[in-house]
Structures are given as structure tokens and as C-alpha cells.
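Numbers here are sequence positions counted from 1.
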Amino acid sequence: MSPQSTTPLQYLLRPDKSQLCQAYAHQSLDALRTPAFIIDRTIFAENCAKMHRNAKEWGASFRAHLKTHKTVEGTRLQLNSSEGHTNAVVVSTMMEAWELVQAGLVKDGTVKDILYGLPVALNKIADMASISDALSASGGIFRVLIDHPDQVRALEEYEMNQGGSRRWSAFVKINGGQNRAGVIPSSADFKELMQKLFSSSVVSVYGFYAHAGNSYASTSLSEASSFLSAEVQCVVLAARLAKEVASTMPDLPSFQEPFVLSVGSTPTAHAASPETRQKLTEALNGTLELHAGNYPMLDLQQEHTGMVNELQIAQRVKATVVSIYPGRGAKGEDEALIDAGAIAFSKDGGPSGGYGRVMGKPWQLARISQEHGILLRVSDQEENSDLKLGETVEIIGQHACLIAAAYPWYYIVDKNADEGRTVVDMWVPWKGW
């Protein structure tokens, strides 16, 4: 049986970092209440360093997406590593942007460039203006994504009504075939959008932004490299066509050149290298920027791309076996019940199958309901493969971003301290939108 946690229950109700550290620091992982979300800080930092090295070798600047962890501590590790430095980030919520300001990361210069990673939402323009002002006061800049002319009109109307003189810095969001968001460069919509942007007195085109969400289907370096090349070709085409539009507008206000061409996802960013850069034979029409977000933590989806291995995955979920069902599986396999389900793991599946993999034992998280999951034995050929009632297991899930979103705090370990079996810090993520 696992030892019982001696942590006072009130700390579970008040996710305050100082109190959490007082309660959990130096505790063994064996004593944690489950489910628990665990991050190895050293592996996290090593992954950040690798991405800085990739960007540098690829000849690009780097923009770190914060959406996976949403923490002050994780942000500092993403921006400053043993291999490089950046002060440019992407956020997926306004709350993330505000928390960067409130935490002092903008004031101390850690963060100087924030991109809100969704196209301009009309109901958030006032919030974006406030954040923009806060960044400007510290010498920073807030950038927006635009993929529709009405977003430009809304920014113009806001500035007119407020009597402002703000000039918004914008990436044009490019649709490279993923159909999440963005405009297709070869379309009439793109030409209309660029005409509207270039004629606007309140928006400045900073560059073109693409995200190869479809690259998660890659299973090798060559496939990920192909997705990366496709991303680059898409933004290069956008920049070239944008210049053609500009050349037809004689009264065009000045616009910034060179454009910034921002591409990346965790698989394609892992594929960025001197070799893949040499394959970019076309004129870039701009300067390259690499962006990625999942890479500090990683997960089974990323492992399946063939670009990373289990030793690079920084996160896992600790759960407790609460019942066992010998031979209950469809093919006579053993099953077991754990106290972690859809809320603890999300219902994201993946090409590797199931919702998670038990570390060190041949069991898979095969089915999940809201608060419990079913483990399935996938092999009986390994020694010490049985599970026991009350035993705790550590499980790598399919999608770290959604798994992390479920937890009010993270238990931080360090593989170089007590073999990663003792809590060395607590991170409290930003919640809300």
C-alpha cells in the first residue's frame, strides 16, 4: 500500500505558491495525493535549450508559445536557456498576457514582445489595448493576428472612438491547408485583406504567421522536414504576393520591411537544422522566425512523430490503482481501475493508441470516464508486470497541453536531485481567459 499524504487539506483548496511550497517541498512523490501532475524541471530546461539551438542553427529568431504550462517559472526557462535567449512569446489567452505583466516579466525585460495567438476578437480589443499600453510603458510591444478585413475595421473604429494614435503591429495569419484559421495566400480574400491592411493608418503589417498543426501526423525527420518546408513556402508566397499588392497602391503608407516570416510547430521546429535551411532555395522575402509551444513538456503525440523519445518527455500523471479485474479484457487481458480519468488526462487520443502509457510497466490507459480510467495489460511477458491494489503508477498522456490545463498546480522534480523522486518546487499555472 502507498503511504498516506500528511498534507493539510486546506492547501488543496488554496493554490498559493508559497503555501504549496511549504506544504510539499521535499516531499517524496510516494506521499502525493492522486491524481498529481509532475514535471521534471531539468528535462523541461533541456528541451528549451534544444529549441534555442535549433532556431540558432536554422538561422532564425525564436518565439516561445506559453500555452502548455502557463507559468512564470516555465516562461523563464523557455526564454533563457543554456543555448540561447529570446524575449518574444505567443499567448493563447488574454489572461496569459496579463499574468506576464502582473508577474513583472515585462517590467524586468524578460518579455518584450507578446503576440496574441488568435485572430483579433472584437470583444477583446479594449483588453488588448490595455495590455499594449502596459508593454509600451516598459519598452515592449503587443502584436495581433489578423485574417479578415473586418478585424482591421474594428481596430480603426476603436482608435477613432478612443481618440487614440496607436498603430497595431500585426501578423497576417496564413492558412497552409490546415483550415484552423488564416487566409490562403493565393486567394482573392488575401488580396482584399492586404489592400485593407496597407491602406490602414492604425495597423502595420509586421509579417506572416503559419502553424503546421498537421505536422503531428509526421513519423520521421524527413516527414517533419517536408511539413516545415511547406510552412516556409506558404509564408514566402504570402510575402511575395503582399509586395505585389503594395506595388499597385501608389498612395500606400510606408510599411515595415523585411517582413517577419513566422513558422513552426513542435514537430517542424524539431526538424529545423542547417540541413533543412539549405533546402530553402527560394528567396525568402523576409526574415525567419521559429515558434513552438509543446516542446518543453512533450507527450505521446510528439513521441509518435519520431522526433523525440520518452527520456525527453518532462511530464507525467501519478495515479493510484483502486481495483483490479483479472482476465476482464476483451481478449482475456487483465484490467485495473485508477483514480484518474478524462479530467486528469483529457480525452485526446493519439496514433500510438489509448490515452496514456504506464511508465515502466506493460499497461496502457485504454478507457476513461470523468474521474476514473481503465488500465489494460498489453503484455504478460515482462517480469514484475502485475499491478497491486493501492499501488501508484506514473502515466505519460497523449497531449500535455490539455492534461496540464486540468491541474491547479504542478509538482516539480529534478532528475538530478534524488533521482527525481522528491518535490523541489511548485508551479501554479494561470487559469481563465
Would you tabulate the side-chain donor-acceptor contacts of residues 343-350 under 3.5 Å, counting partners in other chains and residues two or more places apart, or write 'none'?
unit_1, atom_1, unit_2, atom_2, d
Ser346, OG, Asp348, N, 3.1
Asp348, OD2, His399, ND1, 2.6

**Request:** Apply the test side-chain hydrogen bond (donor to acceptor under 3.5 Å, both in side chains) to residues Lys318 and Thr392: give CA-CA distance (whole Å), side-chain angles for both, the deciding distance (0.1 Å), then the verdict.
**Result:** CA-CA 7 Å; Lys318 179 182 172 67; Thr392 59; 2.9 Å; yes

**Prompt:** Looking just at side-chain N and O atoms, do Ser265 and Thr268 make a donor-acceptor pair shorter than 3.5 Å?
**Reply:** yes

**Request:** Please round to the nearest 0.5 Å and tell me the distance separating atom CD1 of Ile338 and atom CD1 of Ile374.
**Result:** 8.5 Å

**Request:** Could you check whether the rings of Tyr209 and His291 sit parallel, tilted or perpendicular, using 30° and 60° as the cut-offs?
**Result:** parallel

**Prompt:** Could you give the distance from CG (Asp40) to OG1 (Thr42), rounded to the nearest 0.5 Å?
**Reply:** 5.5 Å

**Asked** Does the side chain of Leu261 come within less than 4.5 Å of Val236's, by heavy atoms?
**Response** yes

**Request:** Just jot down the salt bridge (Lys or Arg N to Asp or Glu O under 4.0 Å) partners of Arg357, sequence neighbours excluded, or say none.
**Result:** Glu303, Glu310

**Request:** With sequence neighbours excluded, tell me which residues meet side-chain hydrogen bond (donor to acceptor under 3.5 Å, both in side chains) with Thr93.
**Result:** Glu96

**Lys107 atom NZ, neighbour heavy-atom count above 12 within 6.0 Å** = no

**Between Ser273 and Trp58, a side-chain donor and acceptor under 3.5 Å** = no

**Item:** Ala45 versus Leu77, closest heavy-atom pair with distance
**Value:** CB-CD2, 4.2 Å

**Item:** Reported NE2-to-CG distance for the pair His52 and Asn80, which is rounded to 0.5 angstrom
**Value:** 7.5 Å

**Message:** Contact between Leu100 and Val89 at the side-chain level, heavy atoms closer than 4.5 Å - yes or no?
**Reply:** yes

**Asked** For residues Asp189 and Ser187, is any side-chain donor paired with an opposing acceptor at under 3.5 Å?
**Response** no

**Item:** Side-chain touch Cys401/Lys67, heavy atoms, less than 4.5 angstrom
**Value:** yes

**Message:** Do Thr422 and Val413 make a side-chain contact, defined as non-hydrogen atoms from C-beta onward lying under 4.5 Å apart?
**Reply:** no

**Complete:** Scanning both residues in full, the closest heavy-atom pair of Ala181 with Lys173 reads O-NZ, 3.8 Å

**Asked** Do Leu387 and Val393 touch side chain to side chain, with heavy atoms closer than 4.5 Å?
**Response** yes

**Asked** Residues two or more places apart in sequence or in another chain: which of them pass salt bridge (Lys or Arg N to Asp or Glu O under 4.0 Å) with Glu157?
**Response** none

**Request:** Could you go through the salt bridge (charged side-chain N to carboxylate O under 4.0 Å, His left out) check for Glu394 and Arg421 one step at a time?
**Result:** CA-CA 12 Å; Glu394 293 178 13; Arg421 304 306 301 172; 2.9 Å; yes

**Stepwise side-chain hydrogen bond (donor to acceptor under 3.5 Å, both in side chains) test for Thr219 and Glu223** = CA-CA 7 Å; Thr219 58; Glu223 289 183 359; 3.2 Å; yes

**Complete:** Sequence neighbours excluded, the answer for side-chain hydrogen bond (donor to acceptor under 3.5 Å, both in side chains) partners of Asn87 is none

**Message:** Which residues pass the salt bridge (Lys or Arg N to Asp or Glu O under 4.0 Å) test with Asp414, not counting sequence neighbours?
**Reply:** Arg41

**Asked** In terms of ring plane angle, is the pair Phe37 and Tyr410 parallel, tilted or perpendicular, where the classes change at 30° and 60°?
**Response** perpendicular

**Message:** Please verify the inter-ring angle class for Tyr411 with Tyr24; under 30° counts as parallel, over 60° as perpendicular, anything in between as tilted.
**Reply:** perpendicular

**Message:** Within the 4.5 Å heavy-atom criterion, are Phe62 and Met51 side-chain neighbours or not?
**Reply:** yes

**Fill in**
So salt bridge (Lys or Arg N to Asp or Glu O under 4.0 Å) across residues 286-302, not counting sequence neighbours, yields Arg63-Glu289

**Request:** Go through the steps for Phe190 and Ile174 under the test side chain to side chain contact (heavy atoms under 4.5 Å, CB included), then give the verdict.
**Result:** CA-CA 9 Å; Phe190 178 81; Ile174 299 301; 4.0 Å; yes

**Item:** side-chain contact (heavy atoms from CB on, under 4.5 Å) partner of Trp409, the single match among Asp16, Thr71, Leu20
**Value:** Leu20

**Request:** Side-chain contact test, heavy atoms from C-beta onward, threshold under 4.5 Å: evaluate it for Tyr407 versus Pro35 and give yes or no.
**Result:** yes

**Message:** As a quick check of understanding, evaluate side chain to side chain contact (heavy atoms under 4.5 Å, CB included) for Asp113 and Thr86, giving each step before the final call.
**Reply:** CA-CA 9 Å; Asp113 183 330; Thr86 183; over 6 Å; no

**Message:** Quick one about Gln301 and Thr305 (side-chain donor to acceptor, distance below 3.5 Å, no hydrogens or angles considered), yes or no?
**Reply:** no

**Asked** Can you find a pair of side-chain heavy atoms, one from Val263 and one from Leu228, that are under 4.5 Å apart?
**Response** yes

**Request:** Carefully, step by step, assess Arg76 and Leu79 under the rule side chain to side chain contact (heavy atoms under 4.5 Å, CB included).
**Result:** CA-CA 5 Å; Arg76 291 192 186 280; Leu79 301 192; over 6 Å; no

**Asked** With sequence neighbours left out, what residues match Arg367 under side-chain hydrogen bond (donor to acceptor under 3.5 Å, both in side chains)?
**Response** Glu335

**Asked** What residue among Gln78, Lys50, His65, Gln312 forms side-chain hydrogen bond (donor to acceptor under 3.5 Å, both in side chains) with Tyr295?
**Response** Gln78

Under 3.5 Å donor-acceptor pairs involving side-chain atoms of residues 119-135, not counting sequence neighbours:
unit_1, atom_1, unit_2, atom_2, d
Ser130, OG, Ala126, O, 3.2
Asp133, OD1, Arg166, NH2, 2.8
Asp133, OD2, Arg166, NH2, 3.2

**Item:** Listed partners of Ala49 passing side chain to side chain contact (heavy atoms under 4.5 Å, CB included), at least two apart
**Value:** Ser81, Ser82, Glu83

**Item:** Over-ring placement of Arg143 relative to Tyr206, 6.0 Å and 45° cut-offs
**Value:** yes

**Message:** If you compare all heavy atoms of Ala210 against all heavy atoms of Val235, which two are closest, and at what distance to 0.1 Å?
**Reply:** CB-CG1, 3.7 Å

**Prompt:** Roughly how far, to the nearest 0.5 Å, is the CG atom of Asn175 from the OG atom of Ser186?
**Reply:** 10.0 Å

**Side-chain donor/acceptor of His304 to backbone N/O of Leu300, under 3.5 Å** = no

**Item:** Residue list, side-chain hydrogen bond (donor to acceptor under 3.5 Å, both in side chains) with Lys112, at least two apart or on another chain
**Value:** none

**Request:** Please say whether more than 12 non-hydrogen atoms of neighbouring residues, nucleotides or ligands are located less than 6.0 Å from NE2 in His85.
**Result:** yes

**Request:** With sequence neighbours left out, write down each residue that passes salt bridge (Lys or Arg N to Asp or Glu O under 4.0 Å) with Glu156, or none if nothing qualifies.
**Result:** Lys196

**Message:** Is a donor from one side chain sitting under 3.5 angstrom from an acceptor on the other, for Thr34 and Asp339?
**Reply:** yes

**Message:** Assess the residue pair Gln302 and Met297 against the criterion (side chain to side chain contact (heavy atoms under 4.5 Å, CB included)); give the C-alpha distance rounded to whole Å, side-chain angles, the decisive distance to 0.1 Å, and a yes or no.
**Reply:** CA-CA 10 Å; Gln302 298 296 336; Met297 289 201 201; over 6 Å; no

